[in-house]
Amino acid sequence: MARRGATSVTRDDFSFVSPVVKYLLFFFNMLFWVISMVMVAVGVYARLLKHAEAAMACLAVDPALLLISVGVLMFLITFCGCIGSLRENICLLQAFSICLTLVFLLQLSAGIVGFVFSDKARGKVSEVISNAIVHYRDDLDLQNLIDFGQREFNCCGGISYNDWSQNIYFNCSSENQSRERCSVPYSCCLHNEDEAVVNTMCGYRVQTLDYLEAGEYIHTNGCIDKLVNWLHSNLFLLGGVALGLAIPQLVGILLSQVLINQIKDQIKLQRYNLQHQSDPWN
């Protein structure tokens with residue numbers, strides 16, 4: 001009798017579900033769940049802080065709304081993963097795995113399409129930069145972003161420094177009464193570290209100069225070519241970033257599938273025990 005009772009207890013205590021897999025998946029999702037809430041909070045704050053008309057005009061998508069959308073999507077997916085792993089719920093785990101797989105495939109498809117249709121992608125980038133130049137003075141964050149890009153890449157405008165004529169403050173038309181007429185932003189200027197006083201007007205009326213003369217004061221090359229060259233020079237870095245984005249998704253998919261299979265095996269074991277609990281050898 002003692003041996004029979006010991007066998008029953010051992011069989012009832014056995015579980016196919018590994019606590020390591022279960023709680024590893026739970027804390028994995030918990031981390032990204034917290035990140036998603038931070039993204040939503042930052043997006044809502046940015047949306048309430050300022051008007052988005054300028055951003056919508058030049059970027060087609062308000063960055064704040066994009067951040068909120070991505071955060072909400074990540075929140076829902078990781079919520080399924082958290083609750084599904086903690087409660088050992090197959091439906092939630094399958095929803096988590098399917099959604100994560102779809103996101104991974106969409107990212108992979110976007111990368112392939114961008115590589116295959118690189119000329120169209122270049123044209124789209126040129127269009128975005130041109131629109132950003134037009135709305136340069138309309139949004140302070142956009143202005144800081146353009147200035148940062150021009151300083152980092154040592155460039156000016158999209159294709160060349162003359163692209164700044166598209167902006168109402170910098171164009172050379174006779175109707176323009178701005179003091180910045182025919183000029184370019186200070187971020188286009190060549191910087192000399194030996195200068196005791198920084199000349200913020202170094203780009204004044206440089207659009208009236210030819211290419212070689214303007215090159216004595218500003219960077220004359222456009223930012224599109226500089227960006228393309230930077231991408232070609234940093235393919236390993238971009239590959240590392242893509243791999244860094246893909247690995248957590250693949251880990252999440254793998255862990256969820258392992259846990260789903262373990263839960264299914266545990267359910268089969270429980271059904272077997274119920275069917276044979278009245279057997280005389282139990």
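The figures that follow rest on heavy atoms only: side chains count, while hydrogens, waters and symmetry mates do not.
For Asn176 (side chain) and Asn171 (main-chain N/O), a donor-acceptor pair under 3.5 Å exists by modelled atom type. Using modelled atom types, no side-chain atom of Gln166 and backbone atom of Val134 make a donor-acceptor pair closer than 3.5 Å. Gln249 places no side-chain N or O within donor-acceptor distance of the main-chain N or O of Thr101, the cut-off being under 3.5 Å. Side-chain atoms of Gln262 come within 3.5 Å of backbone atoms of Ser18 as a donor-acceptor pair (strictly under, hydrogens ignored).
No side-chain heavy atom of Tyr169 sits less than 4.5 Å from a side-chain heavy atom of Ser183. Considering only heavy atoms from C-beta on, Phe75 stays 4.5 Å or farther from Val40 through its side chain. The shortest distance between side-chain heavy atoms of Lys268 and Arg271 does not fall below 4.5 Å. The closest side-chain heavy-atom distance from Leu93 to Ile263 is below 4.5 Å. Side-chain contact between Ile83 and Asn89 is absent, with no heavy-atom pair separated by less than 4.5 Å. No side-chain heavy atom of Val125 sits under 4.5 Å from any side-chain heavy atom of Val228.
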Taking distance alone, no hydrogens or angles, what donor-acceptor pairs closer than 3.5 Å link side-chain atoms of residues 64-72 to residues at least two apart or in another chain?
residue	atom	partner	partner atom	Å
Ser69	OG	Leu65	O	2.8

Which atom pairs, one a donor and one an acceptor, fall under 3.5 Å between side chains of residues 213-223 and the rest of the protein, sequence neighbours left out?
residue	atom	partner	partner atom	Å
Thr220	OG1	Tyr211	OH	3.2
Asn221	OD1	Tyr211	OH	2.7

- Message: Let's go through Tyr23 and Leu86 carefully: what are the C-alpha distance in whole Å and the side-chain angles of both, what is the deciding distance for side chain to side chain contact (heavy atoms under 4.5 Å, CB included) to 0.1 Å, and is it a yes or a no?
- Response: CA-CA 7 Å; Tyr23 289 106; Leu86 194 62; 4.1 Å; yes
- Could you go through the side chain to side chain contact (heavy atoms under 4.5 Å, CB included) check for Asp163 and Ser130 one step at a time? CA-CA 8 Å; Asp163 290 342; Ser130 296; 5.7 Å; no
- Apply side chain to side chain contact (heavy atoms under 4.5 Å, CB included) to Ile133 and Trp164, showing your working. CA-CA 7 Å; Ile133 289 174; Trp164 282 101; 3.6 Å; yes
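For the atom pair SG of Cys189 and CD of Gln150, the computed distance is 9.5 Å after rounding to the nearest 0.5 Å. Here the CG atom belonging to Leu73 is positioned 7.5 Å from the SG atom belonging to Cys99, to the nearest 0.5 angstrom. Rounding to the nearest 0.5 angstrom, the gap separating the SG atom in Cys82 from the CZ atom in Phe32 is 11.0 Å. Taken to the nearest 0.5 Å, the CD atom of Gln266 stands 11.0 Å off from the CG atom of Leu259. In this structure, CD1 in Ile260 is found 12.0 Å from CG in Asp265, a value given to the nearest 0.5 Å. To the nearest 0.5 Å, the span separating OG on Ser36 from CG on Asn29 amounts to 10.0 Å.
The salt bridge (charged side-chain N to carboxylate O under 4.0 Å, His left out) analysis of residues 78-99, with sequence neighbours excluded, yields the pairs Lys22-Glu88. Within the structure, every pair that satisfies the salt bridge (charged side-chain N to carboxylate O under 4.0 Å, His left out) test and touches residues 177-186, not counting sequence neighbours, is listed here: Arg137-Glu180.
In this structure, Phe79 and Trp33 have tilted ring planes: the angle between them lies in the 30° to 60° band.
In this structure, cysteines Cys188 and Cys156 have SG atoms closer than 2.5 angstrom. Under the 2.5 Å cut-off for SG-SG separation, Cys172 and Cys182 qualify: their sulfur atoms lie closer than that.
Applying the side chain to side chain contact (heavy atoms under 4.5 Å, CB included) test to Leu250 and every residue at least two apart in sequence or in another chain returns Phe104.
Following chains of ILVMFWY side-chain contacts shorter than 4.5 Å, one cannot reach Phe148 starting from Leu231, and the two form parts of different hydrophobic clusters. Taken together through direct or relayed side-chain contacts under 4.5 Å among Ile, Leu, Val, Met, Phe, Trp and Tyr, Leu243 and Leu106 form parts of separate hydrophobic clusters. Transitive grouping of hydrophobic side chains (ILVMFWY, heavy atoms separated by less than 4.5 Å) brings Leu254 and Ile247 into a common cluster.
Nearest heavy-atom pair across Leu142 and His135 is CD2-O, 3.4 Å. Residues Cys80 and Phe96 approach most closely at CB-CB, 4.1 Å, considering heavy atoms.
None of Asn167, Ile146, Asp147 except one satisfies the side-chain contact (heavy atoms from CB on, under 4.5 Å) rule with Pro185; the exception is Asp147.
With side-chain heavy atoms closer than 4.5 Å counting as contact, directly or through intermediates, the hydrophobic cluster containing Leu102 also holds Ile98.
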